[in-house]
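A quick write-up on the structure given underneath.
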Amino acid sequence: YVNCLYEDTDGSIWIGTDRGGVSILDPYQMKIRSWKTHSGSLSGLSSDRVTGICKDQKGYYWISTLGGGLNRMDYIKGTFIHFRASEKETSISNDNIVNMIRSYDGQLYLATRNGLTIFNPVTHKVRRVFLDDKGNDADNRMQYVYEDPSGNIYVATFKKGLYIYI
């Protein structure tokens, strides 16, 4: 099934699915192009469970996934760079990204199953935000992230309600 949609500036529709990767519909030519994982290869998506799609100011596409972390796609070259979680504080907080937005200032906000990750797509610097510093995944499970027109970031959690990140 479809998890997310993204309309590009050229009118093409990017479709993120739960187990089918990402597809791009060209509405003018009525053509579809798709990308999926390639077992044992870095040339495709890191996971076929796509949860978010956005484009940065340099023209790269960012694709969040369940189980595969974050992907940067160079559409022209057809290549991917994968950003995965690790014990290092310089990595994203969890590979299960439930929701993603690109904020007005260009940052990527990743709602994960273990905390919020703020990712700079230019420098690849990461800031992790946890509600429970004891590492309790249930207390740090994020469900949704939203930015209002004033630039306030709202984070909906699995067990702890709604937070405004300032």
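Each residue takes its place number in the sequence, starting with 1.
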| Ion pair check, Arg19 and Asp48, cut-off under 4.0 Å | no
| query | Rounded to the nearest 0.5 Å, how far does CG of Asp74 lie from OH of Tyr61? | reply | 10.0 Å
| query | Will you find, in the side chains of Thr112 and Asn114, an N or O donor that is under 3.5 Å from an N or O acceptor? | reply | no
| message | My understanding is that only one of Ser64, Ser46, Ser47 makes a side-chain hydrogen bond (donor to acceptor under 3.5 Å, both in side chains) with Asn71; could you say which? | response | Ser46
| note | Note: Ser91 and Ser86 closest approach over all heavy atoms is OG-N, 2.9 Å
| message | For a ring-ring contact (aromatic ring centres under 6.0 Å, His included) check, start with the C-alpha distance between Trp62 and Phe83, then their side-chain angles and the critical distance, and finish with the verdict. | response | CA-CA 10 Å; Trp62 293 88; Phe83 296 87; 5.6 Å; yes
| task | Look at the side chain of His124 and the backbone N and O of Phe119, then say whether any donor-acceptor pair between them is shorter than 3.5 Å. | result | no
| query | Does a side-chain heavy-atom distance below 4.5 Å link Tyr109 with Tyr165? | reply | yes
| field | Shortest non-hydrogen contact between Trp14 and Asp8, atoms and distance | value | NE1-OD2, 3.7 Å
| message | Looking at Arg128 and Ile92, would you say the former's side chain and the latter's main chain have a donor-acceptor pair under 3.5 Å? | response | yes
| From Ser34 atom OG to Leu45 atom CG, the distance as rounded to the nearest 0.5 Å | 10.0 Å
| said: Checking side-chain polar atoms at under 3.5 Å, does Asn152 have a donor or acceptor matched by the opposite partner on Ser150? | reply: no
| query | If you round to the nearest 0.5 Å, how far is OH of Tyr144 from CD1 of Ile101? | reply | 8.0 Å
| Non-hydrogen atoms of Glu147 and Arg102 that approach each other most closely | OE1-O, 4.3 Å
| message | Check this for me: Glu89, atom CD, are more than 12 non-hydrogen atoms of other residues, nucleotides or ligands nearer than 6.0 Å? | response | no
| remark: Rounded to the nearest 0.5 Å, the CD atom of Gln107 sits from the CG atom of Asp105 at a distance of 5.0 Å
| Between OG of Ser103 and CD1 of Ile153, what distance do you get to the nearest 0.5 Å? | 5.5 Å
| query | So, Lys31 and Asp26, do they make that salt bridge, N to O below 4.0 Å? | reply | no
| query | Considering only heavy atoms from C-beta outward, does the side chain of Tyr154 approach that of Val145 to under 4.5 Å? | reply | no
| request: Have a look at Arg49 and tell me which of Thr17, Asn3, Asp18, Thr65 forms a side-chain hydrogen bond (donor to acceptor under 3.5 Å, both in side chains) with it. | output: Asp18
| field | Minimum-distance pair of heavy atoms, taken over all atoms of Leu66 and Asn96 | value | C-OD1, 3.6 Å
| message | Between Asn99 (side chain only) and Gln143 (backbone N and O only), is there a donor and an acceptor less than 3.5 Å apart? | response | no
| field | 4.5 Å side-chain heavy-atom contact, Lys55 and Tyr75 | value | no
| Inter-residue atom distance Thr79.OG1 - Arg72.CZ, 0.5 Å rounding | 7.5 Å
| field | Shortest non-hydrogen contact from Leu5 toward Val2 | value | CD2-CG1, 4.0 Å
| field | Minimal non-hydrogen separation, Val50 against Gly16, with atom names | value | CG1-CA, 3.6 Å
| Are Leu70 and Ile97 side-chain neighbours, meaning at least one heavy-atom pair lies under 4.5 Å? | yes
